[in-house]
2 protein chains.
Amino acid sequence: MCDVMKEKKEMKEKQMKPMELDASTEEKIKAAARALFIRKGYAATRTRDIAEEAGINLALLNYYYRSKEKLFDLILLETTVDFMKQLSVLLNDAHSTLEEKVERVTAGYIDFLTAEPHVPIFMLSEIRNHSGRLFERLAMGRMLKDSVFMKQYEEAVAQGRVTETNPLHFVMNLLSMIIFPFVGKELLQRLVAMQDGAFERMMQERKRLIPVWIKMMFSRNESEQIL
Amino acid sequence: MCDVMKEKKEMKEKQMKPMELDASTEEKIKAAARALFIRKGYAATRTRDIAEEAGINLALLNYYYRSKEKLFDLILLETTVDFMKQLSVLLNDAHSTLEEKVERVTAGYIDFLTAEPHVPIFMLSEIRNHSGRLFERLAMGRMLKDSVFMKQYEEAVAQGRVTETNPLHFVMNLLSMIIFPFVGKELLQRLVAMQDGAFERMMQERKRLIPVWIKMMFSRNESEQIL
DNA sequence: TATCGGATTAAACAAATGATTAATATGTTT
DNA sequence: AAACATATTAATCATTTGTTTAATCCGATA
């Protein structure tokens, strides 16, 4: 719903009957836009495609979201926030150990990306172009630094259980091994002649393997490297 | 140069004086197109931008390359072939060990991607859309399977030096840890508030670390896991 | 029932964009 | 010098595309 009307709408919100229908149309547009933007990117997506996919009149897109770009910014921001929030929640669970966090991040993201495999390329390629100021208010700058994960990591280093002192490598290796297969899927499937089914099975297998590999990479205690 | 004229040109190739100038213009277009396509993608790149970047008249683009799409296909194919050829050459060197191959692939790709950081996202996001048949003749299907690397890997598994029996995980982890940081650079830099200089220094550090990590992940012999 | 406001629609607009044309320039061949 | 082929240019074309407009629909309210 367009900005000007939003105020009026919110004022009446309680007795509004058509609200479901309104929200439905508004949501249909956003859902269609999300699907297309994520699959084809901003520049390759036409407003007419969005309207058709949503089953609505073209003008309604501008009626509710002002412009293609505003709609896109909204979706890019929401998608990125969702993506980062997952990480943030898992990294800040006070009741899980460092090892458990690794396992949960791995399983959580592999499940998420299996359902939404186009999200990483979408985020990473569109953030490059747009979003100059779009992400400043997100303030992710201290998200990792202030996390429970980071405390536990430093503790583990201090106790000599973990060898690498730069936690960035730890996080980067973990995310690399989880996310990259989805990003490179198309190329990798051609490189080794793999079907979709085999790919998904491989990613399920990696749920178990990645935590083991991470442990082997960063643990100082040889006896633990076997499990 | 357009198809129709190519024949005539090749017939005269020996005494052609304007050939340098011709090739120069043709090359200027391709270079400009490559730079823009790789940075902004197919859909976001205008033929007028390419013409301006190349410093040539708009019509010359169609004169030499027929259409935007033909020009793009050429560049996507060339870029992908270059990228894969690097891997192919390194994986098929008969005079290097498995460990040396890991080191060389790591150093080679980190250097390449430091110079051309946009290439991976470009390839991986554009291959998804175009390229239905563009890559069939590339026949990468057996590239990995028939490589010297694969022979050495199987040998290492047979000798018990390497633990994981599925070589796909080995290759995928290697490529993930090398390539993903470049793909996720923008997001990662925001996540940890990192500057460009720090990023490059980190990637140089990874040249040394990744082969060590790979060795730790996949080696069965505990005494080797320390180095 | 009449009226009002938001939702929806078909039509149109203006700018952008890929491509083409026709003319001209430039250098080569005869 | 004349004829020719290729390279280059400015102008134009036809479509596409994001957006707007004006009219209409529809349910709620008074």
Side-chain angles (χ1 to χ4, degrees), chain A residues 1-30 32-33 36-37 40-74 130, chain B residues 1-30 32-33 36-37 40-74 130:
Chain A
M1 174 164 280
C2 83
D3 298 356
V4 195
M5 295 159 189
K6 199 141 221 166
E7 309 160 29
K8 294 175 188 171
K9 186 186 171 188
E10 282 167 352
M11 279 167 52
K12 294 188 184 178
E13 221 163 9
K14 282 153 198 169
Q15 73 265 29
M16 286 272 292
K17 279 245 187 66
M19 201 236 164
E20 280 114 36
L21 208 105
D22 294 353
S24 166
T25 297
E26 206 176 341
E27 272 305 317
K28 273 195 291 186
I29 296 171
K30 192 156 82 170
L36 288 175
F37 280 143
K40 316 190 2 164
Y42 175 79
T45 301
R46 318 288 119 160
T47 53
R48 281 167 177 80
D49 298 340
I50 298 175
E52 193 185 7
E53 173 99 357
I56 54 100
N57 185 284
L58 175 58
L60 289 175
L61 190 150
N62 296 84
Y63 179 75
Y64 284 106
Y65 296 97
R66 311 288 292 184
S67 74
K68 179 191 178 187
E69 197 170 7
K70 291 250 172 53
L71 176 55
F72 175 81
D73 285 350
L74 179 69
H130 307 258
Chain B
M1 173 165 283
C2 83
D3 299 355
V4 194
M5 295 158 188
K6 198 140 220 169
E7 307 160 30
K8 294 177 189 170
K9 186 186 172 187
E10 283 167 352
M11 279 166 51
K12 295 188 181 175
E13 221 163 9
K14 280 153 198 168
Q15 72 266 28
M16 287 271 291
K17 278 246 188 65
M19 202 237 165
E20 281 115 36
L21 207 105
D22 293 354
S24 166
T25 295
E26 207 175 341
E27 273 306 317
K28 272 195 292 185
I29 296 171
K30 192 156 81 169
L36 288 174
F37 279 143
K40 316 190 2 164
Y42 175 79
T45 300
R46 317 289 114 151
T47 52
R48 282 168 177 80
D49 298 340
I50 297 175
E52 192 185 8
E53 173 100 356
I56 53 99
N57 186 285
L58 174 59
L60 288 175
L61 191 151
N62 298 86
Y63 178 75
Y64 283 107
Y65 295 98
R66 310 290 291 184
S67 74
K68 179 192 178 186
E69 196 170 7
K70 291 250 172 53
L71 175 56
F72 175 81
D73 284 350
L74 178 69
H130 308 258

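Lettering follows sequence order; numbering is per chain, from 1.
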Discussion item. I want to check one thing: is the phosphate of dG6(C), taken as OP1 and OP2, less than 4.0 Å away from some side-chain N or O of Tyr64(A)?
Written reply: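 For dG6(C), OP1/OP2 do not have a side-chain N/O of Tyr64(A) under 4.0 Å.
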Discussion item. Please encode protein proximity along nucleotides 9-21 of chain D as a string of B, S and -, counting only heavy-atom distances under 4.0 Å.
Written reply: BB------BBBBB
Worksheet item: Got a second to check how far Phe72(B)'s CZ is from Ile50(B)'s CD1, nearest 0.5 Å?
Response: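 Rounded to the nearest 0.5 Å, the CZ-CD1 separation comes to 10.0 Å.
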Discussion item. Applying side chain to side chain donor-acceptor pair (under 3.5 Å), can you list everything that pairs with Lys30(A), at least two apart in sequence or on another chain?
Written reply: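 Scan of Lys30(A) (side chain to side chain donor-acceptor pair (under 3.5 Å), adjacent residues dropped) gives Glu78(A).
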Practice prompt. Determine the minimum heavy-atom distance between Ser67(B) and Asn62(B), stating which atoms define it.
Written response: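 So the two residues come closest at CA-ND2, 3.9 Å.
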Practice prompt. Would you kindly give the CG-to-C1' distance between Leu36(B) and dG18(C), to the nearest whole Å?
Written response: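 From Leu36(B) CG to dG18(C) C1': 16 Å.
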Worksheet item: What is the distance, rounded to the nearest whole Å, between atom CD of Glu52(B) and atom P of dG18(C)?
Response: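 Rounded to whole Å, this separation is 14 Å.
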Worksheet item: Parallel, tilted or perpendicular for Tyr42(B) and Phe37(B), by the 30°/60° rule?
Response: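 Taking Phe37(B) first and then Tyr42(B), their aromatic rings lie parallel (interplane angle under 30°).
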Discussion item. I want to check something: taking the side chain as every heavy atom from C-beta on, are Thr47(B) and Leu71(B) in contact at a cut-off of under 4.5 Å?
Written reply: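 Answer no - side chains too far apart.
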